[in-house]
Structures are given as structure tokens and as C-alpha cells.
Amino acid sequence: MAYLDINCSHCPSAEGPASTSALFLTYDQTDLRKLGVNKIPVAAGNGAGTFDFDVMPGKADESILTHHMNSTEVGIAMPELGRTTVHNEGVELIRDWINSMK
């Protein structure tokens with residue numbers, strides 16, 4: 001959660017540019033829906049790729065969150081700012097978190 005809070009929570013928040021996403025990726029968030037677990041995206045546009053849920057428990061490679069993190073394409077990449085490469089260690093951390101879910 002610390003990784004998502006530091007790198008992502010400024011955007012999908014009540015005050016952020018992705019406020020319509022209904023994601024709230026802060027360190028203290030405990031509501032699984034607000035973390036995107038089994039949640040259909042509200043306003044992902046083409047950023048959702050071919051995936052149905054923000055976070056698909058046990059299936060990181062089928063989750064929109066990791067799709068965003070694995071891209072540098074404008075409109076898909078997350079976080080939006082300062083992205084010219086994929087942060088592989090961060091992606092692996094979040095993949096492990098999602099894959100550990102049942």
C-alpha cells in the first residue's frame with residue numbers, strides 16, 4: 001500500500017485528476033472496492049485495455065492496475081507524470097500483492 005500511496009494516490013483521489021475512477025489508493029485504505037478489487041472501472045476509457053476489473057484477485061496479469069503500470073503510453077500509463085520507463089520492481093511488487101489475493 002505504501003507504493004501505491006506514494007506513486008499513485010495523488011491521481012485517483014477525491015481531489016485528483018482521476019477522481020471519477022472511484023479508486024482511492026491511499027496507505028490507510030481498507031475498503032477493497034475502493035482499492036479496485038473486483039471493481040469494474042468507472043472511467044478508464046482505453047486505459048482499461050481488454051480487462052474487466054481494476055484488480056482481479058490472484059490474477060495480476062488480468063488486472064487494469066498492472067496494465068497501467070506496465071505501459072508508458074499516454075492515456076494508459078500510471079502514474080501519468082515522469083513516465084518514460086516502466087518501474088519493473090514496482091510492477092512486480094503490485095503483481096505479487098494482487099496474486100496473493102484469493
Side-chain angles (χ1 to χ4, degrees):
M1 289 312 306
Y3 181 89
L4 292 173
D5 185 87
I6 291 167
N7 292 285
C8 307
S9 70
H10 65 280
C11 191
S13 68
E15 301 82 25
S19 60
T20 58
S21 71
L23 284 177
F24 298 94
L25 303 176
T26 57
Y27 181 77
D28 58 350
Q29 185 57 253
T30 58
D31 183 332
L32 294 178
R33 286 299 253 196
K34 290 181 180 178
L35 291 172
V37 177
N38 290 319
K39 187 183 88 46
I40 296 171
V42 175
N46 71 341
T50 60
F51 308 108
D52 295 323
F53 298 101
D54 293 326
V55 173
M56 174 76 84
K59 298 182 178 183
D61 294 332
E62 297 176 29
S63 298
I64 295 169
L65 183 60
T66 51
H67 172 64
H68 285 301
M69 294 177 71
N70 274 310
S71 179
T72 58
E73 185 178 330
V74 174
I76 297 174
M78 183 176 117
E80 297 180 304
L81 303 174
R83 286 292 308 277
T84 58
T85 62
V86 171
H87 182 222
N88 293 320
E89 295 88 350
V91 172
E92 195 58 35
L93 178 70
I94 300 306
R95 284 184 82 254
D96 289 348
W97 173 65
I98 294 172
N99 285 334
S100 74
M101 294 178 186
K102 295 184 182 200

Does the side chain of [Y] come within less than 4.5 Å of [X]'s, by heavy atoms?
| X | Y | value |
| --- | --- | --- |
| Lys34 | Leu23 | no |
| Asn38 | Arg33 | yes |
| Leu65 | Leu4 | yes |
| Leu35 | Leu25 | yes |

Mind listing the closest non-hydrogen atom pair of [X] and [Y] along with its distance?
| X | Y | result |
| --- | --- | --- |
| Ala77 | Ser71 | CB-O, 3.2 Å |
| Ile64 | Asp52 | CD1-C, 4.2 Å |
| Met101 | Pro57 | CB-CB, 3.7 Å |

- [ ] Dump the intermediate steps for side chain to side chain contact (heavy atoms under 4.5 Å, CB included) on Thr84 and Thr72, then the final yes or no.
- [x] CA-CA 6 Å; Thr84 58; Thr72 58; over 6 Å; no

If I take atom [atom1] from residue [X] and atom [atom2] from residue [Y], how far apart are they, to the nearest 0.5 angstrom?
| X | Y | atom1 | atom2 | answer |
| --- | --- | --- | --- | --- |
| Glu92 | Asn99 | CD | CG | 8.5 Å |
| Met78 | Ile94 | CE | CD1 | 8.0 Å |
| Leu93 | Ile98 | CG | CD1 | 10.0 Å |

Open item on the list: Can a donor-acceptor pair be found, under 3.5 Å and without considering hydrogens, that links the side chain of Ser63 to the backbone of Met56?
Closed with: yes

Task: Side-chain donor or acceptor of Thr66 paired with backbone N/O of Arg95 under 3.5 Å - done: no

- [ ] Tell me, please, which residues at least two apart from Phe24 pass ring-ring contact (aromatic ring centres under 6.0 Å, His included).
- [x] none

Open item on the list: List the residues meeting ring-ring contact (aromatic ring centres under 6.0 Å, His included) with Tyr3, not counting sequence neighbours, and say none if there are none.
Closed with: His87

Open item on the list: Is there a path of hydrophobic side-chain contacts, each under 4.5 Å between heavy atoms of I/L/V/M/F/W/Y residues, joining Trp97 to Ile6?
Closed with: no

TODO: Examine Ile76 and Ile40 and state if one hydrophobic cluster contains both, with Ile, Leu, Val, Met, Phe, Trp and Tyr joined whenever side-chain heavy atoms are less than 4.5 Å apart.
DONE: no

- [ ] Please lay out, stage by stage, how Glu62 and Phe53 fare under the test side chain to side chain contact (heavy atoms under 4.5 Å, CB included).
- [x] CA-CA 8 Å; Glu62 297 176 29; Phe53 298 101; over 6 Å; no

